[in-house]
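Have a look at the structure below before the remarks.
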Amino acid sequence: MTSTAARLALVALLLAATAGCVNNIEGAVGVTRAPNGHLALAVVWCDRPSTMGAWILKQNPWKAVVEYKNPEVDSVSDFQILDIDSPEAPWQLSSGLAKLYPDVDYTAEAWPGDGKNGIFGQVGFRLKDVEKLKTGQVWLGTPGHVVTWNYFLEYAEKDACS
């Protein structure tokens, strides 16, 4: 079984078994706007990783749509913005295409290292949920809702990392 297939099976099992509660959450993940206006994943962590990955899954049936890797997390930022359409270095597209469709339920996740010891978080969304996001807004949670960038960072620090 490939690592992507194994990860997908694990996510489906976790979601089914925990009904929204996942152990080892080490930060937060949301959907936001990149500085260029593209949809992006916002990732904030409790402990800085040296490498990380992220993916977007289509629900019902569960299937990985696109997966990204970041082989060298910078030592300055406490968060990462991953442009879904055009990942900037050091982010790399590792599989799939970032083609998202209306009326499809998606889950996005990000994880430290190889993801075996936990995730930063996950967010559920449809394009109609996030297409009108403005700069400084983040779609957070499952089911999600719009929050400010500052709230997103505070949520990670006070709720996810405490």
Side-chain angles (χ1 to χ4, degrees), residues 1-22 25-45 51-71 73 79-112 114-116 118-149 151-153 155-156 160:
M1 181 180 283
T2 67
S3 65
T4 299
R7 226 175 136 63
L8 186 56
L10 177 61
V11 168
L13 179 62
L14 284 172
L15 288 174
T18 62
C21 179
V22 177
I25 293 181
E26 303 171 1
V29 174
V31 179
T32 192
R33 290 274 173 201
N36 62 11
H38 293 172
L39 284 177
L41 296 182
V43 183
V44 63
W45 47 78
T51 64
M52 60 189 289
W55 66 359
I56 299 174
L57 305 165
K58 179 177 88 62
Q59 301 176 19
N60 302 319
W62 290 95
K63 180 181 180 192
V65 174
V66 61
E67 185 171 356
Y68 307 91
K69 298 286 184 205
N70 183 337
V73 176
F79 62 87
Q80 292 275 298
I81 300 292
L82 167 57
D83 185 322
I84 294 170
D85 294 324
S86 306
E88 294 182 11
W91 283 102
Q92 303 165 356
L93 177 67
S94 64
S95 67
L97 295 172
K99 179 72 174 152
L100 304 181
Y101 297 94
D103 299 322
V104 174
D105 293 314
Y106 294 102
T107 296
E109 285 186 345
W111 57 86
D114 60 10
K116 292 181 181 175
I119 62 174
F120 294 127
Q122 57 185 206
V123 60
F125 67 97
R126 287 179 153 217
L127 282 181
K128 70 178 182 178
D129 298 331
V130 298
E131 65 189 358
K132 293 183 182 176
L133 284 173
K134 295 177 177 74
T135 302
Q137 294 181 321
V138 180
W139 183 262
L140 176 65
T142 303
H145 57 284
V146 177
V147 299
T148 65
W149 180 257
Y151 179 91
F152 175 69
L153 295 176
Y155 165 80

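- Between Pro90 and Pro71, the shortest heavy-atom distance links the atoms O-CD, 3.2 Å.
- Applying the salt bridge (Lys or Arg N to Asp or Glu O under 4.0 Å) test to pairs two or more places apart or on separate chains, none has a residue in residues 82-94.
- For the ring pair (Phe, Tyr, Trp, His ring centres under 6.0 Å) test, no residue two or more places apart in sequence or in another chain qualifies with Tyr155.
- Residue pairs meeting the ring pair (Phe, Tyr, Trp, His ring centres under 6.0 Å) criterion with at least one member in residues 80-100, sequence neighbours excluded, do not occur.
- In this structure, Lys132 and Gln137 approach most closely via the heavy-atom pair O-OE1, 4.1 Å.
- Atoms NZ and NZ, on Lys58 and Lys63 in that order, are 7.0 Å from each other to the nearest 0.5 Å.
- Smallest separation of non-hydrogen atoms from Ile81 and Thr32: CD1-CG2, 4.0 Å.
- For Arg33, there are no salt bridge (charged side-chain N to carboxylate O under 4.0 Å, His left out) partners at least two apart in sequence or on another chain.
- Here side-chain hydrogen bond (donor to acceptor under 3.5 Å, both in side chains) pairs that include residues 138-147, with residues two or more places apart or in two chains, number zero.
- Note: Leu41 CG to Ile56 CD1 = 5.0 Å, rounded to the nearest 0.5 Å.
- In this structure, Pro112 and Glu26 approach most closely via the heavy-atom pair CG-OE1, 3.3 Å.
- Under the side chain to side chain contact (heavy atoms under 4.5 Å, CB included) criterion, Thr51 pairs with no residue, sequence neighbours left out.
- Residues Phe125 and Leu100 have side chains in contact (heavy-atom distance under 4.5 Å, counting atoms from C-beta outward).
- With sequence neighbours excluded, no residue forms a ring pair (Phe, Tyr, Trp, His ring centres under 6.0 Å) with Tyr151.
- Ser94 contributes a side-chain N or O that, together with a main-chain N or O of Glu67, makes up a donor-acceptor pair within less than 3.5 Å.
- Atom CD of residue Gln122 and atom CH2 of residue Trp55 lie 11.0 Å apart, to the nearest 0.5 angstrom.
- Considering Leu39, Asp103, Val31 as possible partners of Leu127, the one that fulfils the side chain to side chain contact (heavy atoms under 4.5 Å, CB included) test is Leu39.
- In this structure, the separation between CG on Leu93 and CD1 on Ile84 is 12.0 Å, given to the nearest 0.5 Å.
- For Lys128, the side chain to side chain contact (heavy atoms under 4.5 Å, CB included) test picks out Arg126, Glu131, with sequence neighbours left out.
- In terms of heavy-atom proximity, Ala40 sits nearest to Ala34 at CB-N, 3.8 Å.
- Applying the ring pair (Phe, Tyr, Trp, His ring centres under 6.0 Å) rule to Phe152 yields the partners Trp149; only residues at least two apart in sequence or on another chain are considered.
- For the atom pair NZ (Lys116) and CH2 (Trp111), the distance works out to 13.0 Å, reported to the nearest 0.5 Å.
- Taking each heavy atom of Tyr68 and Leu82 in turn, the nearest pair found is CD1-CD2, 3.4 Å.
- Without hydrogens or angle criteria, Tyr106 side chain to Tyr101 main chain gives a donor-acceptor distance under 3.5 Å.
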